[in-house]
Amino acid sequence: MRRQIRKANFDTQDLEKFNDFFNVINDAYKSFDDDVRHIELILEESSNELYKLNKNLRTEKESVKNELNTIVNTIEGVIFKTDLNGDFKYLNKAWEDVFNIPIEIALNKNYKDLLFSSMDQDALRAMELEAIKQTEFNTLFKHTTFSNKTLWIQLRLSLTYDESGAANGYIGTFNDVTQLKETEIKLNRANKTKDEFLSTMSHEIRTPLNAVIGMSDILLMDKFLPEQLENFQVLKYSSEHLLALINDLLDLNKFKSQEIKISEEDFNLSELVQNIQLHFKQVALNKKLSFETIIDSSIPMVLNGDSLKLSQVLKNLLSNAFKFTHDGGVVFKIENIQTKEETASIRFSVKDSGIGVSYDKQKDIFKSFVQASNNTSTIYGGTGLGLHISKELLNIQNSNLHLESNIGKGSTFWFDITFKTSKKVLTDEHNISSQREQIDLKVLIAEDNKFNALILGKLLKNWNVDFVLAKNGQQALDIYSSRNFDVILMDLQMPILDGYDTTRIIRKMDDKIKSTIPIIALTAFTKSEVSAKTERYKMNGYISKPFDINELHSLLKHYSENKRHVV
C-alpha cells in the first residue's frame, strides 16, 4: 500500500486528507491476505483428505478384485470373456481344471484353435460366434481333450456392449456336465432295454391269451348246453380282462409320461355290471361270503366313456374286497348322483366286512407296490399295484378314489365319475353265437403260430371263408405266386421271411392286381409300436392279437362287399 502511495506522488497534505481512506484499503488488503491463507489451508486439508480417500478406494478396489477373483476361481464352471472374433480375454482358474490348458497359453487365442478338433465339426458349426449374432446362446457339445478324454460341455454366452451401445464381445460359461450326460445316456439305454423287454413280454403273453380268448369265442359260436353259457361268458370276460390288466401293467410307466389315453365309446352299464358280477360270483361261493349288487334303476343304461378302464378299477376294488374278507360279505353299489340331458354322474362303491385299513396306512396304500402292512403280501399275495393303478386310471378321468375304513370293521372304497349319456341301443357284444353271417372271400393266412392259426381257421370256417394257411413268409409267396386271393392276413413276426419283407416283395410284383392286394397285419404288439412301420410297408390295416372277433368279422365283411361291388 505504501509503495502504491509513493508511486502516486501524494504530498503531505493529501496524505493527511486521505489517511482514513488509505487505512480502510490497507485493512482490506490484510483481510484478503488472511482469506487467501485460510483458503490455502482448507485446500491443503481437502487435498490430504482426497489423497486418503483415493488411497482407501484403491485398497478397497484391490480387495474387491481379489475377493471376486477368489470367488470366480473357486467356481467349478469356466467363466470366460472373448472379443467379437472369439479370442479369449479372460478365463478363470476352472479353465485349467476342465480343459487342462494353462490360462497364459489360452489368453488371446481363438476358441476354435483350443476347443475343437476334426471330430467336433458339428459343435463348431453350432457355436460359430460370428454367425450367432444373438443376445444369448445356449448349447451342449462333445469335446475331446488333447489327452483323448471325452467331455460333454454346456455352453452359455451373452453379448457384451461398450459405452456407446455397440457389441464388443461375449461373456459366458463352460460347465462340465459329462457325468450328468453319461448318466442320461445310461438311463436312456436302460429305458430302451426296459421298453424292449416290455414289448417282448407283451408279445409273448398275448400269444397264449389269443388262444384262450379265441377258443372262448369259438365255444360261444358253437352249439352248447344252456347251463354252459354262463361258464363260457365268464371264461371270455375273464380272459379279456386279464389281457387288459396285462396291457396296463406293462404300460405302467405311461402314467408318468401321460401317455395313457381315454377311449370314449358307447357301452351298456347293466351288461358291464352283470359281467363283473358273474366274474366274482364263484369267488364269493368258494369263500362262503355274501355278494350283493345294487344298481340304481334311474341310471341311463347306455353311457359313453372308457368302459375297459372302469371295469379294471371295479375289478381291482372287488378283488381286494374278497381277498381281505373272511366273514360276512361284499356289497357292490352303483348310485345315480345326478343325471343331466347329456351327462350322468355315478357313484361306484365297494363295501366289505374284512380286516380294514388303519388310519395311518390309508394314504400310503394308494402308492405303487405298497400294502396295508409288511406281511400283507406274504399272507394274502398280490403286488400292491391294484389300488395305485386304479387311482391313476380315475385321475385321468377327472375322478378320485376315496377310502373309509376301520381296523376289524371293514372298508368302503368309492369314487364318483361322470359319463356322457347315449341314446343308442346296444346289443350284447358277448353273444358271439349271433355273429354267423357268411362271408364270400378267399383269404391267404401267413401265420407261424399253430394256436393262432387254429383259432383263425375255426373262425373263418364258421363264416364259410375260403382260406389257405402258410407257415412263413416264403411259403406265403410260393402259394400266392400260383393262386389268387382277395385278402392276405399277414403275421409280422415269422421265421425265414417276416411279414414286412413278404409285403415288400408283394408290393413290387409286376402283376398290378397281385401287387395291390389288401394286406392286413396280424401282431401281438400294440398299434403304436407298429403303425408307422406297417404304413411304410404299405399294409392296408391292422388286427391286434388276441383277435377281436367282431372287428375281424367286420373287416372281412368289408372286403367281401367291396369284392361284390367291383364285380
Side-chain angles (χ1 to χ4, degrees), residues 49-188:
E49 288 180 7
L50 287 172
Y51 174 77
K52 290 178 182 179
L53 288 172
N54 188 40
K55 184 177 180 181
N56 289 337
L57 283 173
R58 286 199 300 269
T59 303
E60 288 180 9
K61 178 183 175 182
E62 288 299 318
S63 176
V64 170
K65 181 180 177 181
N66 291 334
E67 288 179 4
L68 285 174
N69 283 332
T70 301
I71 293 171
V72 167
N73 287 322
T74 54
I75 293 174
E76 292 185 2
V78 177
I79 299 175
F80 68 87
K81 179 172 174 42
T82 73
D83 59 19
L84 287 174
N85 294 321
D87 296 333
F88 287 112
K89 298 303 178 183
Y90 173 81
L91 292 163
N92 67 336
K93 187 176 179 298
W95 166 268
E96 295 182 351
D97 299 331
V98 173
F99 296 103
N100 199 26
I101 302 173
I103 291 176
E104 56 269 20
I105 293 178
L107 287 176
N108 298 314
K109 294 287 195 312
N110 196 272
Y111 72 95
K112 300 176 190 176
D113 301 326
L114 296 174
L115 295 182
F116 297 100
S117 65
S118 59
M119 298 172 63
D120 299 304
Q121 293 305 309
D122 289 340
L124 178 61
R125 283 191 292 270
M127 190 190 161
E128 192 68 49
L129 297 183
E130 293 85 356
I132 294 170
K133 301 304 180 188
Q134 54 185 333
T135 305
E136 295 182 353
F137 183 70
N138 184 353
T139 190
L140 178 72
F141 65 91
K142 184 166 66 173
H143 170 67
T144 304
T145 66
F146 293 110
S147 59
N148 280 332
K149 181 181 179 182
T150 299
L151 301 176
W152 284 95
I153 304 296
Q154 181 77 45
L155 164 67
R156 291 184 176 88
L157 59 83
S158 300
L159 273 169
T160 58
Y161 303 89
D162 60 21
E163 293 179 356
S164 65
N168 62 1
Y170 295 89
I171 187 168
T173 60
F174 293 114
N175 286 294
D176 182 0
V177 294
T178 305
Q179 187 173 358
L180 286 174
K181 185 63 179 179
E182 288 177 348
T183 301
E184 178 188 343
I185 292 171
K186 289 178 181 177
L187 286 174
N188 287 338

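Computed from a prediction, not measured in an experiment: that's the story for all the values here. Heavy-atom basis, side chains included; hydrogens, waters and symmetry copies ignored.
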Inset, instruction - Could you give me the CA-CA distance, side-chain angles and deciding distance for K109 and I101, then say whether side-chain contact (heavy atoms from CB on, under 4.5 Å) is met? - result: CA-CA 11 Å; K109 294 287 195 312; I101 302 173; over 6 Å; no
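- Taking the side chain as every heavy atom from C-beta outward, L84 and N168 never approach each other to under 4.5 Å.
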Inset, instruction - Report the C-alpha distance between Y170 and T160 in whole Å, list the side-chain angles of each, state the deciding distance to 0.1 Å, and finish with yes or no for side-chain contact (heavy atoms from CB on, under 4.5 Å). - result: CA-CA 5 Å; Y170 295 89; T160 58; 5.8 Å; no
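- Separating the CG atom in L151 from the CD atom in E182 is a distance of 9.0 Å, to the nearest 0.5 Å.
- Heavy atoms from other residues, nucleotides or ligands lying under 6.0 Å from NZ of K89 number more than 12.
- Note that the CD1 atom of I105 and the CH2 atom of W95 stand 11.0 Å from one another [nearest 0.5 Å].
- The shortest non-hydrogen separation linking G77 to A94 is O-CB, 3.4 Å.
- Aromatic ring orientation, F174 versus F88: perpendicular (interplanar angle above 60°, classes split at 30° and 60°).
- In K93, the NZ atom is not crowded: 12 or fewer heavy atoms of neighbouring residues, nucleotides or ligands sit closer than 6.0 Å.
- For N100, the CG atom is loosely surrounded, since the number of other residues' heavy atoms within 6.0 Å does not exceed 12.
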Inset, instruction - Please step through side chain to side chain donor-acceptor pair (under 3.5 Å) for the pair N138 and Q154, ending with a clear verdict. - result: CA-CA 8 Å; N138 184 353; Q154 181 77 45; 2.4 Å; yes
Legend entry - side-chain contact (heavy atoms from CB on, under 4.5 Å) assessment of F99 paired with D176: CA-CA 10 Å; F99 296 103; D176 182 0; over 6 Å; no
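- Put simply, CD on E49 and CG on N56 are 11.5 Å apart, with the number rounded to the nearest 0.5 Å.
- L155 is listed as a side-chain neighbour of F80, based on a closest heavy-atom distance under 4.5 Å.
- Here the side chain of N110 pairs no donor or acceptor atom with the backbone of D113 at under 3.5 angstrom.
- Residue L114 holds its CG atom at 8.5 Å from CG of L91, rounded to the nearest 0.5 Å.
- At a threshold of 4.5 Å between non-hydrogen side-chain atoms, the residues V78 and N92 count as touching.
- You'll find the ring centres of F141 and W152 outside the 6.0 Å limit.
- For the atom pair I153 CD1 and K181 NZ, the distance stands at 12.5 Å (nearest 0.5 Å).
- In this structure, E104 places its CD atom where more than 12 heavy-atom neighbours from other residues, nucleotides or ligands lie under 6.0 Å away.
- Side chain of T150 to backbone of T144: no donor-acceptor contact under 3.5 angstrom is found.
- A distance of 9.5 Å separates CD1 of I171 from OG1 of T173, quoted to the nearest 0.5 Å.
- A donor-acceptor pair is defined here as one N or O able to donate and one able to accept, closer than 3.5 Å; no such pair exists between the side chain of N175 and the backbone of V177.
- For the residue pair T82/D87, the side-chain donor-acceptor check at 3.5 Å is not satisfied.
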